[in-house]
Amino acid sequence: MRIGAHVRQDSDPIGRAEELGAELLQMFVTDPQEWGKPKPHPKAAEIRDSPIDVVVHSSYRINVASLNNRLRMPSRQAVINQALAAKELGAFGLVVHGGHLRDDEDAKDGYENWRKLFERANEKGGFPVPILIENTAGGDHAMARSLDNIARLWDAVGEYENAGFCLDTCHAWAGGEDLVDIAERVNAITGRIDLVHLNNSRDEFDSGRDRHDNLEKGTIDPEILVAVIKAAGAPVILETPEEGLADDIAYLKKALA
């Protein structure tokens with residue numbers, strides 16, 4: 001089981017991953033608050049050739065479910081552009097949040113927009129890397145907060161080869177999903193877990209708040225977090241606070257030894 005981390009030093013991601021003892025890394029290819037076309041990374045060849053595997057996290061601003069054309073259309077293009085940038089880095093996937101709608105909008109239209117994203121890409125040969133849809137923490141109109149939502153989303157996109165899933169433990173906890181058997185229940189819906197974002201939470205169960213904590217400091221029993229990744233059998237990325245990141249990696253390695 002490969003254990004890695006989100007690397008915030010984008011100028012030298014491989015160097016930082018090596019410092020942490022990470023076996024894989026997650027990084028952005030553009031400002032996470034923007035959706036402009038990514039520029040080529042100056043160390044792309046080093047990242048591609050490194051034995052440390054890479055996954056890319058898309059911009060937070062992306063919302064392909066949106067019914068607002070001014071948000072949905074640039075979001076679709078941003079997914080395409082960032083997937084291409086991920087391929088240039090040799091990444092095994094692009095993580096994209098499930099997105100959300102506004103209060104007066106019908107969820108079925110949001111799921112249909114997700115389907116159209118894959119359908120249109122498929123007509124052009126598909127995405128260059130798998131799109132790993134991530135469950136989210138809050139919002140009554142989120143596309144991927146609860147497992148019921150995820151089941152509806154998977155009904156829309158599950159037939160497409162490049163549709164994958166990223167399970168975030170903090171998001172599931174904040175969204176009111178029991179973590180004890182979360183991997184098994186997700187697998188029953190999607191048939192796959194391609195990546196786990198292993199994060200503890202600063203907040204209580206079903207809070208709807210997305211605030212990550214280090215593995216041994218949050219409100220989730222760290223033994224439950226270890227059990228989740230054992231059941232998931234997927235690569236692990238830590239998105240925990242920077243000051244405790246190295247300790248989190250060391251804790252996991254010892255727990256899995």
Side-chain angles (χ1 to χ4, degrees), residues 4-13 16-17 24-44 47 53-102 110-111 113-118 120-121 126-139 141-145 153 157 162-168 170-171 174 194-197 199 209-212 237-242:
H6 184 88
V7 175
R8 295 164 176 86
Q9 288 84 345
D10 290 344
S11 61
D12 185 18
R16 178 56 178 156
L24 68 156
L25 67 89
Q26 178 178 273
M27 60 184 287
F28 296 114
V29 290
T30 188
D31 185 326
Q33 303 303 331
E34 301 293 338
W35 49 31
K37 188 174 182 179
K39 297 177 181 178
H41 198 286
K43 294 192 175 183
I47 295 169
D53 288 333
V54 178
V55 63
V56 171
H57 198 299
S58 69
S59 302
Y60 297 132
R61 194 174 181 185
I62 288 173
N63 184 2
V64 299
S66 177
L67 307 192
N68 182 342
N69 287 343
R70 289 181 293 177
L71 177 56
R72 183 183 66 259
M73 294 177 72
S75 291
R76 285 177 177 169
Q77 189 60 51
V79 172
I80 294 167
N81 290 340
Q82 292 179 36
L84 288 168
K87 185 179 188 314
E88 288 301 307
L89 299 177
F92 64 82
L94 174 71
V95 177
V96 181
H97 285 175
H100 60 276
L101 300 183
R102 294 178 295 194
Y111 296 121
N113 283 336
W114 264 108
R115 186 192 66 77
K116 288 178 179 177
L117 174 77
F118 282 95
R120 293 175 182 181
F127 287 106
V129 297
I131 305 301
L132 310 183
I133 305 172
E134 181 180 354
N135 61 307
T136 52
H141 303 281
M143 296 288 98
R145 173 174 176 169
L153 177 53
V157 306
N162 277 340
F165 191 78
C166 172
L167 171 64
D168 187 301
C170 174
H171 295 177
D194 299 274
L195 182 68
V196 176
H197 282 171
N199 304 305
R209 303 184 71 183
D210 180 13
R211 299 198 305 166
H212 299 181
I237 287 288
L238 293 155
E239 299 174 317
T240 53
E242 181 78 11

query = When you measure from the side chain of N113 to the backbone N and O of S66, does any donor-acceptor pair fall under 3.5 Å?
reply = yes
key: Shortest non-hydrogen contact between N68 and R70, atoms and distance   = OD1-N, 2.9 Å
task = Apply side-chain contact (heavy atoms from CB on, under 4.5 Å) to the pair L94 and F127, showing each step before the final yes or no.
result = CA-CA 10 Å; L94 174 71; F127 287 106; over 6 Å; no
inquiry  = Run the side-chain contact (heavy atoms from CB on, under 4.5 Å) test on H100 and N63 for me, step by step, so that the C-alpha distance in whole Å, both residues' side-chain angles and the decisive distance to 0.1 Å come before the verdict.
reply    = CA-CA 7 Å; H100 60 276; N63 184 2; 3.6 Å; yes
inquiry  = Quick check for you: to the nearest 0.5 Å, what is the distance between F118 atom CZ and N162 atom CG?
reply    = 7.5 Å
inquiry  = If we ignore hydrogens and angles and just use 3.5 Å, is the side chain of W114 paired with the main-chain N or O of G99 as donor and acceptor?
reply    = no
Reported CD1-to-CG distance for the pair I237 and D168, which is rounded to 0.5 angstrom = 11.5 Å
task = If the plane angle is over 60° it's perpendicular, under 30° parallel, otherwise tilted; pick one for H57 and Y60.
result = perpendicular
ask   = At what distance, to the nearest 0.5 angstrom, does CH2 of W35 lie from CZ of R76?
value = 12.5 Å
key: Nearest non-hydrogen partners of G110 and L67, listed with the distance   = N-CD2, 4.2 Å
query = How long is the span from the CZ atom in R61 to the CD atom in E34, to the nearest 0.5 Å?
reply = 6.0 Å
ask   = Any chance the side chains of Q82 and T30 put a donor and an acceptor closer than 3.5 Å?
value = no
inquiry  = Can you tell me how far apart CG (N199) and OG1 (T240) are? Round to the nearest 0.5 Å.
reply    = 6.5 Å
note = All heavy atoms of V55 vs all of A91, minimum pair found to be CA-CB, 4.2 Å
request  = Report yes or no: does D194 contribute a side-chain atom to a donor-acceptor pair with the main-chain N or O of C166 at less than 3.5 Å?
outcome  = no
query = Under 4.5 Å between any side-chain heavy atoms of H171 and D210, yes or no?
reply = yes
query = Going through the distances and angles, do M143 and L101 end up as a side-chain contact (heavy atoms from CB on, under 4.5 Å)?
reply = CA-CA 8 Å; M143 296 288 98; L101 300 183; 3.7 Å; yes
message = Counting C-beta onward and ignoring hydrogens, is there a side-chain heavy-atom pair between E88 and P38 closer than 4.5 Å?
response = no
request  = Keeping the roles fixed (side chain from N81, backbone from G36), state whether a donor-acceptor pair exists under 3.5 Å.
outcome  = no
query = Residues in side-chain contact (heavy atoms from CB on, under 4.5 Å) with A142, at least two apart?
reply = T136, R145
query = Are any side-chain N or O atoms of S58 and backbone N or O atoms of V95, one a donor and one an acceptor, separated by less than 3.5 Å?
reply = yes
message = Restricting to non-hydrogen atoms, name the atom on G98 and the atom on A144 that form the minimum distance, rounded to 0.1 Å.
response = CA-CB, 4.1 Å
ask   = If you take all heavy atoms of A83 and V129, which pair is closest and at what distance?
value = O-CG2, 3.9 Å
request  = Look up atom CD1 in I47 and atom CG in D12, then write down how far apart they are to the nearest 0.5 Å.
outcome  = 8.5 Å
task = Given side-chain hydrogen bond (donor to acceptor under 3.5 Å, both in side chains), test H197 with E239 step by step and report yes or no.
result = CA-CA 7 Å; H197 282 171; E239 299 174 317; 3.2 Å; yes
